[in-house]
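The next block holds one structure in the form of structure tokens; read it before the comments.
Each chain gets a letter, A, B and so on, in the order its sequence line appears, and its residues count up from 1.
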Amino acid sequence: MKLDELKDLNPQQLKAVKTINGPLLIIAGAGSGKTRTLVYRLAWMIEKGIPQKSILALTFTNKAAREMWLRICKLTGKKLKGLTVSTFHSFGSKILKNCIHHLGYKNNFSIYDQVDKTALIKEVAGEMSFSPDSIDAYKVSSLFSKIKTGLIEWDHSNDQYRSLYREYQAHLKVYNAVDFDDLIILPIEIFGKYTDVLETYRNKYSYIMVDEFQDTSNCQYELIKLIAKGNNNICVVGDDDQSIYSWRGANYQNIMQFERDFPDVREIKLEQNYRSTKNILSVANRVIMHNRNRKEKSLWSGLDRGSLVEGHYPKNESDEGSFIARTIKSLHAREDIPFHEIGVLVRTNSLTRYIEEAFLEENIPYRISGGTSFFQRKEIKDIISYMRVMANPDDDINFLRIINRPRRGLGKKALETIRTIADSKGMSLYSAMSAIRYAYGSPLPEKIKHSLNEFLTLIEYYREKLLSNRNMADTLSSFIDSIDYQEYISLEHRSKPKLARYKIDNIKNFLRMLEDWEKDPDNMDPSLYNYLNRITLITRDDIDDNDETGKVNLMTIHSAKGLEFEVVFLAGAEDGIIPHARSLGDGEDNIEEERRLFYVAITRARKKLFISSCLKRRYMKGLMECSPSPFLSDIPDELISFFKGEEPVDSSEANDYFAALKEQFKR
DNA sequence: GCATTCTGTATTTTT
DNA sequence: TACAGAATGC
């Protein structure tokens, strides 16, 4: 790295880059060039001769990890070798791959995502004859998360699920499976029990860097602290104002805790915002000001005042959609703003639908990040389930998913019989089936036994091939043909041939992606296990989009974190949506988090910000009266102009105008 | 025993 | 609206 490149940095950033040894806390406000600083810092370290393999950089998403990797490559002009840039979860899975045997699992373990986890809870609850309506699998699942990560303890309010939890854990073990929480918790457990293992990791990673520190959970912090305590070279970067993942266990107070855990910490604040105009930044500051639990900071912008933030009140969600679509069209045509420099942000995934409709209507190219991920689609999950079972036959959850898909005449009754046998021996379904496969006096009818046998033979045949073969995509493709999967899809959706076609295309795409991954020369370990672990941890945003340019970005505020756009539309800024009604239940902390969410949305914008709040909105079946988000009234009049259709409204009239509008549409 | 159709219900954010 | 579970039909 040439020294003059460091001239691009301001004094605080420069100091952050050059402070390599000892604990370092960087408080980086929105748009303060955080990623840039981190990338320079890593490049600087490499330049200073620190071996790449001793550096561990942890990010929040795979996308961020990939971007950081690319930017370091570009900056250093070197091929990176041995540097670890990964997410907490994939880092955890790598540790487990190496040492999970200490805990009695095999290293071909499956990773259960939310869907699998829920399925397992239902399965176990069924076996234990919990009444079906006493189980809200989603709620129970988040309870289990909190218990497992030590966020809450068993008490009288949740004691009824204690036995269920025990069984849940026992089943995971039998299935040789771990859930997302285990990816962090089990490494901690191993480190606690086997200090020599911990020592290895401490020696290996003498320099640690954590991005988005405000979004780390207690146990993620615990894990990283364990490793960092060896050398004390740990740098964490975060902004408590942008902590928006507390519902997933994130604890922004880790920032304060960090100061206590590492008393000799050096602290650097990045407060100059390079992204937004003065106006937009003031709006953001005025909003976040109302939060009580935050570290004091004063973000400032050296850029122009810029135009005022615009507030719009469309009469319903389809009006809002077409307002956004029309405005985008004119911005594109008159001001030459490229589509990909425009972001449309919403609080919930479901809100994207209306906007999508408007985009389709007006022929605006867009891309959505959010909704169901590619890998969550039914047809793809089926194929992946087959792969999972081949990788880890004890994985009952995935086994159950595929055993009768396509139909093999193995229904409820047959499975119940096998389940009973499996449970009596404490085995997985697959092991139980293998055991009774050739046994005399089997409890199963001949016909069932026959198709079971056929099924097992098929799985074993391809398991062998997939594990030894270098060409998984081809093998898988012939496997899919051999079970007539396409036929099955067409038959399932015979009334909607278009849908069937689409699903089949998805599978082809999946195979193509697998092939690309396998043939990538940079891929060190193109094995089945590696692939499966990887795609389980991949999220919706991580899929390579072959052409990201020329498309408007439509996404939730959560997935917009870390991004920026020339123009931002914040749609659905209504009370009940942001702050979301469901988030407000208990505690004042929740409203603060919603406010941070609003803050994150605002600070994505560089030059223009539009906020719209519908007067009425279709909700479930009916039409709902809406009020503007209370956060809107935190914005002082001189920073925002409200619009009536295309005409600006005097700010003093804005409130009256709103009331009048409401009256008008009441009928 | 299995498949299809129907009904009803629940919709926050995601590694 | 979209999906899961129940009821009904084959």
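- Paired with Leu56(A) under the rule side-chain contact (heavy atoms from CB on, under 4.5 Å), one option of Ile224(A), Leu83(A), Ile234(A) passes, and it is Ile224(A).
- Between Lys63(A) atom NZ and dT14(B) atom C1' the separation is 14 Å, expressed in whole Å.
- Here the nucleotide nearest the side chain of Thr556(A), chosen from dT12(B), dT1(C), dT13(B), is dT13(B).
- Computed from coordinates, the Tyr252(A) OH to dT13(B) P distance equals 22 Å when rounded to whole Å.
- With sequence neighbours excluded, no residue forms a salt bridge (charged side-chain N to carboxylate O under 4.0 Å, His left out) with Glu454(A).
- Heavy atoms of Phe88(A) sit nowhere under 4.0 angstrom from any nucleic acid atom.
- What separates CD1 of Ile535(A) from P of dT14(B) is a distance of 19 Å, to the nearest Å.
- A straight line from CD1 of Ile578(A) to C1' of dT12(B) spans 11 Å, rounded to a whole angstrom.
- Computed from coordinates, the Asp113(A) CG to dT14(B) C1' distance equals 11 Å when rounded to whole Å.
- Contact annotation: Asn349(A) side-chain N/O to dT13(B) OP1/OP2 distance is under 4.0 Å.
- Remark: Arg596(A) is positioned above the aromatic ring of Tyr252(A), its terminal NZ or CZ atom under 6.0 angstrom from the ring centre and at most 45 degrees off the axis.
- Between Lys122(A) and the phosphate of dG5(C), there is a side-chain N or O to OP1/OP2 separation shorter than 4.0 Å.
- Dashed line: the shortest gap from a side-chain N or O of Asn590(A) to OP1 or OP2 of dT12(B) is not under 4.0 Å.
- For Arg596(A) and dT13(B), the CZ to P distance is 18 Å, given to the nearest whole Å.
- Only one option out of Lys173(A), Lys148(A), Lys117(A) pairs with Asp182(A) in a salt bridge (Lys or Arg N to Asp or Glu O under 4.0 Å); it is Lys148(A).
- Partners of Tyr245(A) under the side-chain hydrogen bond (donor to acceptor under 3.5 Å, both in side chains) rule, at least two apart in sequence or in another chain, do not exist in this structure.
- In this structure, Ile403(A) atom CD1 and dC2(B) atom C1' are separated by 15 Å, rounded to whole Å.
- Whole-Å rounding puts the His89(A) NE2 to dT14(B) C1' distance at 10 Å.
- The side-chain ring of Trp247(A) is not stacked on the base of dT12(B), judged by centre separation under 5.5 angstrom and plane angle under 30 degrees.
- Here Arg347(A) lies in heavy-atom contact (under 4.0 Å) with a base.
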